[in-house]
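Source: prediction; values computed, not measured. Below, chains carry the letters A, B, ... as their sequence lines are ordered, and counting in each starts from 1.
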Amino acid sequence: MKKILFALSLICFVKIAAQTSPATRFNRPSMTSLFIKSNYSAGNRVFDEFKNTPMEARFDQREVRNPNLRVFFPSEPVLQQTGDAITDAKLMREHRFAMSEWKENCKQILLESINPVGREVFGNMLARQQNGNMSWSALMSSAQYSATDNDALTSGASKNSENVYQEIAEDLLNKVYFVVYDIKVIKTMEEKYDEMDAKGRAQQEKANAAAAKANPPQAPKQYVPVQRTDEGWFMNYEYRIYKLVWNDSIMAIFNDVWLDESITDYRERSKRINAFENFKFPYVLVMSDNNDIYSTQEKENPNATGAAAILNALVVRKSMDELLAQFPKSMQDAFVSKGSRKIDDFKIRAPLFQESPPMVKIGTKEGIYQDERYFAYEMIQDDKGNKVKKKIGVLRVAEIADNSIVAEGTSPASRFSQQGGRSLYNGTLVELKHDRGLGGSLGIGNNPLVGGVIVGIEARISQFFKSKSKKSFTNGMYLNGYITSGKTDSAEFKSILNDQFPTLQRSVSSISLSATIAKEVYITKRGNLYLLPELGLGVSTSTINNFFETDSLSGCDVSNTFIYYGLGFGYHISPTVSVSVRMGVNKFGKNPSWSGQTEQTSSSLNSTYSDQELQSFVSEDHPLYNMNRSIIPLSISLRIRI
Amino acid sequence: MKNKSTIILSFVLLLFPIFVAAQAERRADREMTEWRYEVEAVQTGAEGTYLVKVWSYSKKPNIAIEQAKKNAVHGVIFKGVAANGRVPGQRALTNNANLEMEKQDFFKDFFADGGKYMKFVNVTGDGSVRSEDRLKIGKEYKIGVVVSVNVQLLRSDLESAGIIRGLNSGF
């Protein structure tokens, strides 16, 4: 019987899953921030500051009278240990059971405390008055604000114009979310440093004790305290996102709770008022996370000189309270960013309104920011009638339209730029797909001084600012870091030394570090091809191995700094992978530093050979001879972004 | 050599009728598919109008809006409108299955590009197709466009042209 039931439920599940089609529209979910009263006064100060931190525009922020939840969790079960293996194993099992029970208890306690808030939010959405009467008016206003131009025009052409908005309003009731913050630890950076030092010292003492017992015993090492460079705050917090469950069965029960002016019987009214005040909505935990965050600034250095002193004077210093007040924004950004990846209702989506340039009717109302990433999908119906979406391109926000109005048919659209993929057309689904703004590259270059294997990391600059201004010059800009390492065989570097020295056994290896700023400029409609102007600074060291075969000098290093400016040309193989060819100029400094070492003494030979003398051994044809000249290297890289 | 040419010529002559027949069939298919569409109700339209979504089929993702308008008017006259959830369907303006053939000349002009049909239909929307209304099925696209058809005007126009009988003309 159980097997039959299981099979039936499986069939039902598969059928239901098969019938679901991907969401194609975005209706603004409602969001309420709640706080579990903190044991730290600084924590409660952070919660107070949320009042001054507006919710991300894509959410319909719902305020409640008291967002601070007074939750008293039972104390966590402690694992007892006796030293006896059998007893300990039994205690361990008991502890595991106690822990799961404790977690379930805590969950229930928390849900109990959310329930009145959930009722209040729901009551607000239904414009519940003091006499208990409810109406759709407030919810219809939210629905109108959430509606698109197409909805507004369809509504205008309908006999019952409210029908369109009513469908949206019903959907909004199914998008009621609560984010509950719980600060676990909050401390000043001084306290954090103390903690780090205490931990470090304990570890060092443990290591020293082990070293003393070793054979032969090793000398104890002194713990080096962490450098206390910053001031401000450290915080560890947890957040949980709950969704109020609204479905047909809840709706059916809620019908007996609904009260409006049409119900005049006193007994019936008081029955329904009571029913509402005791109504328990079910909730589902949709996401939770635990984060460590810092709000710090570098400590003021009164003894700073030169550039550091100028920088000190220019930077506006913040008080500890101001630093504390920065936390709410970071906390909110964290849940919005992660939630946008995990929770379907949080994903902004709309059809492409115009093909070239790509325009989509989303903007300030949805809280989009410059350079934010969106995927373009084509809707496909398969042989079984299932609707699925297939990714066909990537778009990024280029110009934000102010559409924070009730749509009437002529809302402005934001401009996007396509970054790879196929041709898009009117109606293509455009959906938010947050990226981390990070990437890496692996390539190879032919630069004789800073060539070889190139490993790069990149960060999209717009991710740091998340600008919501109409336009932004940081769009498509990347901060890159490269490490390049190469070794050239002796045959290719025959010319490296003058004829007077045998050269066949020599090789040159080089390593360089550089940092650049680059901007992607899309040159085609579909954005598959891009130009990549780049500017940066670097430092390189080239080592000539076996400098003299007959002498004690085993190697010679030539170090120099360089400025890099160049132009790359890239092609998007897929939304996250592209291949690029970079061509640029490495302009080296005028005074490279030459140094060599003897095998015997390992001391610098600069006392024996001057820079000029070392340089004179190198052929004039070789770039090492005169490093200040420009070199035009070529490199090819594979870039991957996440 | 002469034999070879004779064989090739015979082969071509043999295949030619098959090729012509296939072409004709393809053309016929194409003509048939001109009216390949589905019409469903979206909402109850304002006074005297039907608010319908017309699903048209096309090899290209960018179907002409004009074709959707044409299909909608054609659907209202000959097919009727399918119900959609809470919104009831509508019967066709004619129940004469042969009307289109009988009045071929009239409807040829009526549905010509820029023809009279345009008087009775308007696209309801901002010009964008909803994402869920553009589906790729196999190698073709099924595209839904919401339009408003002025049925009152359409009916009286067809009645005055003697194409359909008036509601008060009796049986």
Please answer whether the main-chain N or O of A:G427 pairs with a side-chain N or O of B:S131 as donor and acceptor at a distance below 3.5 Å.
yes
Spacing of CD1 belonging to B:I137 relative to NZ belonging to A:K387, to within rounding of 0.5 Å
9.0 Å
So how far is it from B:R134 CZ to A:M379 CE, rounded to the nearest 0.5 Å?
12.0 Å
For each of [options], tally heavy-atom pairs with chain B at distances under 4.5 Å, and name the one with the top tally.
options: A:K390, A:R25, A:E355; answer: A:E355
options: A:S161, A:P351, A:G409; answer: A:P351
options: A:N160, A:D382, A:L429, A:D151; answer: A:L429

In terms of heavy-atom proximity below 4.5 Å to chain B, should [X] be classed as side chain, backbone, both, or neither?
X: A:A350; answer: backbone
X: A:K361; answer: side chain
X: A:Q354; answer: neither
X: A:T428; answer: backbone
X: A:E431; answer: neither

For residues [X] and [Y], report the shortest heavy-atom separation together with the two atoms involved.
X: B:K136; Y: A:R422; result: NZ-NH2, 4.4 Å
X: B:G127; Y: A:N426; result: O-ND2, 2.8 Å
X: A:N150; Y: B:T124; result: OD1-O, 4.5 Å

Does atom [atom1] ([X]) have a neighbourhood of more than 12 heavy atoms from anything else shown, all under 6.0 Å?
X: A:D383; atom1: CG; answer: no
X: B:E102; atom1: CD; answer: yes
X: A:N255; atom1: CG; answer: yes

Hey, does A:T154 have a side-chain heavy atom less than 4.5 Å from the side chain of B:R130?
yes
If you apply the rule side chain to side chain donor-acceptor pair (under 3.5 Å), what do you find for A:S158 with B:Q43, and how did you get there?
CA-CA 6 Å; A:S158 308; B:Q43 292 285 337; 4.6 Å; no
Chain A contact via B:L51 - which portion, at a heavy-atom distance below 4.5 Å
side chain
